[in-house]
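Order of the sequence lines sets the chain letters (A, B, ...), proteins ahead of strands, with each chain counted from 1.
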Amino acid sequence: MFNRQIAAFGVTLALLLAACTPAPKGTASSPSGAAGEQPQPGGTLTFIVNAEPPSFDGHRETTFALLHPIAPHYSTLYKFDPNDLTTVIPDVAAAMPEISADKLTYTIKLRTDVKFHDGTKMTSDDIVATYNKIIFPPTGVLSPRAGAYAAVDANGITATSPDAVTFKLKYPSASFATNLASPWNFIYSAAKLKADIHWYEKNIMGTGPFTYVSNTKGQDWVGKKFPDYFGKDKNGVQLPYLDGYKALIITDASAEVNAIRSKQAAIEFRGFTPQQRDTLSGALGSALAIQEAPWICVNYVVPNTKKPPFDDVRVRQALTLAIDRYAGSTSLQKITIVKDVGGLMRPKGPFAQTDSDLQKIAGFGTDGAANKAKAKQLLADAGQSNLTFKFLNRNITTPYEPVALFVLDQWKQIGINATHDVKETSAYQADLRAGNFEVALDFNCDFLDEPDLQLAKFWSASGLGKGLNFAYYDDAALDKMIDGQSRETDPAKRKALVADIEKYAMDTKAYQYPVLWWYRIIPYLNTVRGWRIGSNHYTNQDLETVWLGK
Amino acid sequence: MRRYVAGRLLLMIPTLVGVAILTFVIMRAVPGDIVALKYAGSPVPQSVIDEERHQLGLDKPMWAQFTDWMGEIAHFDLGTSLWTGHPVVDEILVRLPLSLELAIIATLLAITIAVPLGVLAAVRQDTWTDYAIRLFSIGGLAMPSFWIGLLMVLATITLFGWAPPLVFTAITDDPIANLSQMVLPALSVGYRYSAVSMRMTRSTVLEVLREDYVRTARAKGVRESVVVLRHALRNALLPVVTVISLEFAFLIGGLVVTEQVFNLNGIGKLLVDAVAHRDYTLIQALVLLLASVFVLINFVVDMVYVVLDPRIRYS
């Protein structure tokens, strides 16, 4: 009897240990399944969202927790091609915009077969009302991305006919057209907005592929296929393929993994850590597919230039020179969601410099020892050989804590005694906004490789960078450079201007600089087809082309 | 007795007001607020942040915010969640059935395990039975319930490819689905809960078994089972009832990590989310709710004492 008990205990322990042991790494698979496979209509996709949406208004909010469950209810004017997420394609627009020769007038023809979920027909009035709310919000209406459309003339959005709309700009804007594909710019009903401009904060009614069914707070969000949706695939099959979807709100990381492992959920669209991917891969084997991609998210080291000695450019340059980003990439990519070395633009993105050009910038050279020697010399020249400070960070493990620990170790190697000042996110953010720190680890995530977005934090702190630029410098020269690239509509020339900005902001002035760019990992059940990973977790979430295979 | 009950009920008011003031002040003493948190990392202009603070009333002086809130409470209005914009009552009502059900199942489980085993351990003091029961209870005290829960989920997934359902189904809608979701969390919570109660039962029964009236009963030839169950256990139950009731109150909102592990949409998880979001109105309402539960349960326990021990009289 006793031996049987020992044996039973041993088996149980072995099983538990097996469950806790890291599994072998899985392999990436094709996002669409086997080549030539025909999409199968039907089924309900269950996916995970690891946070609760605040309001339901996409124009107002900034979190992916809104987009993942709610974007399937809406269309946008343009969107990113689900099969090529760097290309903008029409959504409710009938074609790409016609741009006048002076690049100041954009005329957009609309589809005539778009209906709202209440059966009413979408017209240009709805587009005008939607974009007026986004760009020129009335008092009391929040629109955090209004600044992205600063080029649009007041009263410049007009309906020229029921199926055409015109945007007039004050000056040419390189980013305007792609910003019309912003995943946040849900098309709302003009009638609903006229009755109550806040209606969409608590209600759903769009033109998207799925209608709203229910939302249980803290638990789930359910949508079902909109039979009158205008979208069709290349074979003329009515979209969406799915009958419906259910978004489960799961905030605990281990519960997320368990949900996929037990096949109660098929996918989580934001991303998992390498360890979570390996655990799932080991447990599910060939039932798991994995997609990975560089991510337009990055952590910046931000010295507060209002606080000595960080007002001294030599000290700031020393801090960036000390960081061996290539060594960091090798070690950190195994344990957290960072990977590529890059400047202010996403590495290998359309505005990224070549590696050889990037390596000419302070802190991005590949000779770590030489960089550190130079950093030490700069500190000595600045009289800061025994520099001591607090490094402000937020209390989020992935990837903030490992990234900060790596940076702290790099600084220690040149004699800097920096302590890790970890605070809960709200307190951390309060310190950032009050300038109550010496050096901080900041971050930025965007939906698009677009210099206007990635450089938003680099405007002067008392100007357009107010509340964004936590290095707290004012630099008219840099403002002029950022403005210049924004107005340059020739892509090659713009790229060159952006490279100049990178050199100036990260090296010459060393105001703030990236550590490593994030890397997105999506392990999911291989029954999910028709979804392709992009370099952000905001776009391609309308689930229009997603289907469930065997 | 009536005056005592009325007095106790009236005393709840200053207690809850004190809790309200403390919660209000402590939450605002912590740096940062919901708006800073909401836009963390987003390139949002300061003007938008200031406008949102204004809309939420966070730019008002603290005393004005407090009087606004007290005014709402006086009208039995717990306010609106700063995060979702929905009434706090709605947010709580969605989660309360799950938390209550889990607390009830775990309590029943704990009582079922703790009282018989506690009595058995006391009756068979210093035997192998006692040692085994004590080991079992010490295990429950030593291991956090969320950790036991995590192991249970891992074991069921590994062995059977099964994990508890992630979506709450009311027991009236589908009892099997409901119990499938509840069984593992109730076991993991109930085990720890039973360990506390078991230790208390054992020690109080042991103490009572040494009383003169127990010896008298035995001397009169009363059967041992009657001595233990009627004379000893009933008198030993007072502290056990206290422990069980306080644990029950704790379970309503205290299963923070366990609810996370099992993804239970309960009050504990709501409280954690509210704190994480700096959702002042929701935090204040939840703390008030939990304080009310504790105060009420303490009151009920005092009333139960009268039933259990006829010698107790309140005047």
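Neither the backbone nor the side chain of B:Phe160 has a heavy atom closer than 4.5 Å to any heavy atom of chain A. Proximity to chain B is limited to the side chain of A:Lys457, based on heavy atoms less than 4.5 angstrom apart. Contacts of A:Arg145 with chain B are absent, with no heavy-atom separation under 4.5 Å from either backbone or side chain. For a residue to count as touching a neighbouring chain, one of its non-hydrogen atoms must lie under 4.5 Å from one of that chain's; by this rule B:Phe262 does not touch chain A. For B:Val94, the part lying near chain A is the side chain, with the backbone staying farther off; criterion is any non-hydrogen pair under 4.5 Å. For A:Pro137, no part sits under 4.5 Å from any heavy atom of chain B, backbone or side chain. Of the two parts of A:Ala259, the backbone and the side chain both hold a non-hydrogen atom closer than 4.5 Å to a non-hydrogen atom of chain B. Contacts of B:Gln55 with chain A are made by side-chain atoms alone, with heavy-atom separations under 4.5 Å and no backbone atom involved. Heavy-atom distances place the side chain of B:Val153, and not its backbone, under 4.5 Å from chain A. There is no contact between A:Val257 and chain B, counting heavy-atom distances below 4.5 Å. Heavy atoms closer than 4.5 Å to chain A are found in the side chain of B:Glu91, but not in its backbone. Contacts of A:Thr63 with chain B are absent, with no heavy-atom separation under 4.5 Å from either backbone or side chain. A:Glu61 touches chain B through its side chain: at least one heavy atom from C-beta onward sits under 4.5 Å away, while N, CA, C and O do not. Interface residue A:Asn258: backbone and side-chain heavy atoms are both found under 4.5 Å from chain B. Only the side chain of A:Leu248 comes within less than 4.5 Å of a heavy atom in chain B; its backbone stays farther off. At a 4.5 Å heavy-atom cutoff, B:Leu264 makes no contact with chain A through either its backbone or its side chain. Of the atoms belonging to A:Ser143, it is backbone heavy atoms, and not side-chain ones, that fall under 4.5 Å from chain B.
Here A:Ile249 is the residue among A:Asp220, A:Thr216, A:Ile249, A:Thr139 with the most heavy-atom pairs under 4.5 Å with chain B. Between chain B and the options A:Ala430, A:Ser254, A:Ser262, A:Pro54, the largest number of non-hydrogen pairs under 4.5 Å is found for A:Pro54. In terms of heavy-atom pairs under 4.5 angstrom with chain B, the leader among A:Leu468, A:Asp442, A:Asn469 is A:Leu468. Contact tally against chain A (heavy-atom pairs below 4.5 Å) for B:Val261, B:Thr84, B:Ile34, B:Leu166: the top residue is B:Leu166. Across A:Asn436, A:Asp431, A:Asn444, A:Thr251, the residue that shares the most heavy-atom pairs under 4.5 angstrom with chain B is A:Thr251. Listed options B:Asp273, B:Val30, B:Asp33, B:Val272 were ranked by heavy-atom pairs under 4.5 angstrom with chain A; first place goes to B:Asp33.
The environment of NZ in A:Lys246 is sparse: at most 12 heavy-atom neighbours from other residues, nucleotides or ligands sit within 6.0 Å.
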Q. Can A:Phe443 and A:Tyr400 be said to form a ring-ring contact (aromatic ring centres under 6.0 Å, His included), step by step?
A. CA-CA 9 Å; A:Phe443 65 103; A:Tyr400 302 89; 5.3 Å; yes
Q.
Would A:Tyr428 and A:Phe437 count as a ring-ring contact (aromatic ring centres under 6.0 Å, His included) here? Give the steps.
A. CA-CA 9 Å; A:Tyr428 155 89; A:Phe437 69 95; 8.6 Å; no
Q: Decide yes or no on salt bridge (charged side-chain N to carboxylate O under 4.0 Å, His left out) for B:Asp90 and B:Arg95, but give the supporting numbers first.
A: CA-CA 9 Å; B:Asp90 293 352; B:Arg95 276 94 171 178; over 6 Å; no
**Q.** side chain to side chain donor-acceptor pair (under 3.5 Å) assessment of B:Asn265 paired with B:Asn263
**A.** CA-CA 6 Å; B:Asn265 192 27; B:Asn263 198 50; over 6 Å; no
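Under the 4.5 Å side-chain criterion, counting only non-hydrogen atoms from C-beta, A:Val298 is in contact with A:Tyr300. Contact check for B:Gln260 versus B:Lys269: side-chain heavy atoms found under the 4.5 Å cut-off. Considering only heavy atoms from C-beta on, B:Asn178 comes within 4.5 Å of B:Glu101 through its side chain. By the 4.5 Å heavy-atom criterion applied to side chains, A:Arg60 and B:Glu52 are counted as neighbours.
With hydrogens and angles disregarded, no donor-acceptor distance shorter than 3.5 Å links the side chain of B:Ser81 to the backbone of B:Val88.
Under 4.0 Å is where a charged nitrogen must lie from a carboxylate oxygen, and between A:Glu424 and B:Arg278 at least one such pair does. Comment: A:Asp57 engages A:Lys133 in a salt bridge, judged by a side-chain N to carboxylate O separation of less than 4.0 angstrom.
B:Tyr280 carries B:Arg28 over the face of its six-membered ring, with the cationic atom under 6.0 Å from the centre and within 45° of the normal.
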